[in-house]
Amino acid sequence: QVQLVESGGGLVQAGGSLRLSCVASGRTFTMGWFRQAPGNEREFVSTISWTGGATTSADSVKGRFTISRDNAKNTLYLQMNSLKPEDTAVYYCGASWKTAPTTLHYDYAYWGQGTQVTVSS
């Protein structure tokens with residue numbers, strides 16, 4: 001069993017930046033960030049392989065969001081720049097037993113409780 005705890009969310013103006021963190025209670029393999037806005041399904045944001053050598057991001061965040069990890073600290077990060085109001089959502093980190101990046105939510109066995117990101121216009 002792996003427990004995930006996200007932090008770093010908050011309220012920011014459009015064009016601003018936030019850095020999300022996700023601390024895992026143990027070793028993890030592929031990890032990812034997903035988000036869910038009110039009334040919407042959970043959607044993929046970004047994923048990273050267990051070595052950190054491979055990443056994939058949704059087209060909507062490419063060039064603005066950067067996923068990274070520090071395995072020594074069992075921590076996943078999401079640097080979010082040039083934030084837009086449409087980025088407003090609860091952001092969840094997930095951990096998968098796969099070693100390659102995956103955009104599919106059902107590949108993730110463990111989830112954090114989520115952290116709210118609100119971008120004002």
Side-chain angles (χ1 to χ4, degrees):
Q1 187 78 9
V2 176
Q3 294 184 334
L4 305 173
V5 179
E6 302 103 330
S7 63
L11 173 64
V12 64
Q13 289 187 332
S17 298
L18 284 173
R19 187 194 196 200
L20 305 184
S21 298
C22 173
V23 179
S25 61
R27 182 182 179 182
T28 58
F29 293 94
T30 286
M31 296 190 75
W33 289 99
F34 287 71
R35 65 187 181 186
Q36 188 168 18
N40 291 354
E41 295 185 350
R42 189 169 299 190
E43 66 171 351
F44 165 74
V45 175
S46 193
T47 178
I48 187 167
S49 65
W50 73 282
T51 64
T55 63
T56 301
S57 295
D59 287 344
S60 59
V61 305
K62 281 181 180 176
R64 300 188 299 123
F65 291 10
T66 302
I67 190 170
S68 62
R69 66 189 298 165
D70 184 341
N71 288 340
K73 297 181 179 180
N74 289 336
T75 303
L76 175 73
Y77 302 100
L78 185 68
Q79 178 65 46
M80 305 186 295
N81 298 328
S82 302
L83 282 161
K84 304 175 181 180
E86 51 263 44
D87 294 319
T88 295
V90 177
Y91 283 70
Y92 298 91
C93 72
S96 170
W97 292 117
K98 293 186 176 292
T99 56
T102 175
T103 66
L104 305 174
H105 67 89
Y106 52 74
D107 281 339
Y108 292 81
Y110 305 103
W111 294 95
Q113 82 288 349
T115 185
Q116 176 71 47
V117 172
T118 303
V119 185
S120 63
S121 57

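No hydrogens, no waters, no symmetry mates; every other heavy atom, side chains included, goes into these values.
The number of heavy-atom neighbours closer than 6.0 Å to CD of Q3, taken from other residues, nucleotides and ligands shown, is 12 or below.
Nearest heavy-atom pair across V117 and L18 is CG1-CD1, 3.9 Å. The two residues S96 and T102 come nearest to each other via the heavy atoms OG-CG2, 4.3 Å. Closest approach of A14 and S121 over heavy atoms only: CB-CA, 4.4 Å.
Taking CG from L76 and OG from S68, the interatomic distance works out to 7.0 Å, rounded to the nearest 0.5 Å. Of the inter-residue distances, the one linking S57 atom OG with F44 atom CZ reads 6.0 Å to the nearest 0.5 angstrom. The distance from atom CD of Q79 to atom CG of L20, rounded to the nearest 0.5 Å, is 9.0 Å. The line from CD of E6 to SG of C93 is 4.0 Å long, rounded to the nearest 0.5 Å. Atoms OH and OG, from Y77 and S46 in turn, are 15.5 Å apart once rounded to the nearest 0.5 Å. The line from CG of L78 to OG1 of T115 is 11.0 Å long, rounded to the nearest 0.5 Å.
A salt bridge between D87 and K84 is absent, with no side-chain N of the basic residue lying under 4.0 Å from a carboxylate O of the acidic one.
Of the residues listed (R35, Q36, Q116), the one engaging Y91 in a side-chain contact (heavy atoms from CB on, under 4.5 Å) is R35, and it is the only one. The one candidate from T51, T28, N74 that meets the side-chain contact (heavy atoms from CB on, under 4.5 Å) condition with R69 is T28.
At a threshold of 4.5 Å between side-chain heavy atoms, the hydrophobic network of Ile, Leu, Val, Met, Phe, Trp and Tyr places V61 and V119 in one connected group. Linking Ile, Leu, Val, Met, Phe, Trp and Tyr residues whenever their side-chain heavy atoms come within less than 4.5 Å leaves V45 and L104 in two separate clusters. Follow the hydrophobic side-chain contacts under 4.5 Å out from V23 and you never reach L4; the two are in separate clusters. Linking Ile, Leu, Val, Met, Phe, Trp and Tyr whenever their side-chain heavy atoms come within less than 4.5 Å puts V2 and M31 in one cluster. Criterion: ILVMFWY side-chain heavy atoms under 4.5 Å apart, direct or through other members. Under it, L83 and V90 are not part of a common hydrophobic cluster.
For the pair H105 and Y92, the minimum side-chain heavy-atom distance is 4.5 Å or more. In this structure, F65 and W33 have side chains that are not in contact, with every pair of non-hydrogen atoms separated by 4.5 Å or more. A 4.5 Å side-chain heavy-atom check between Y110 and W97 finds at least one atom pair inside the cut-off.
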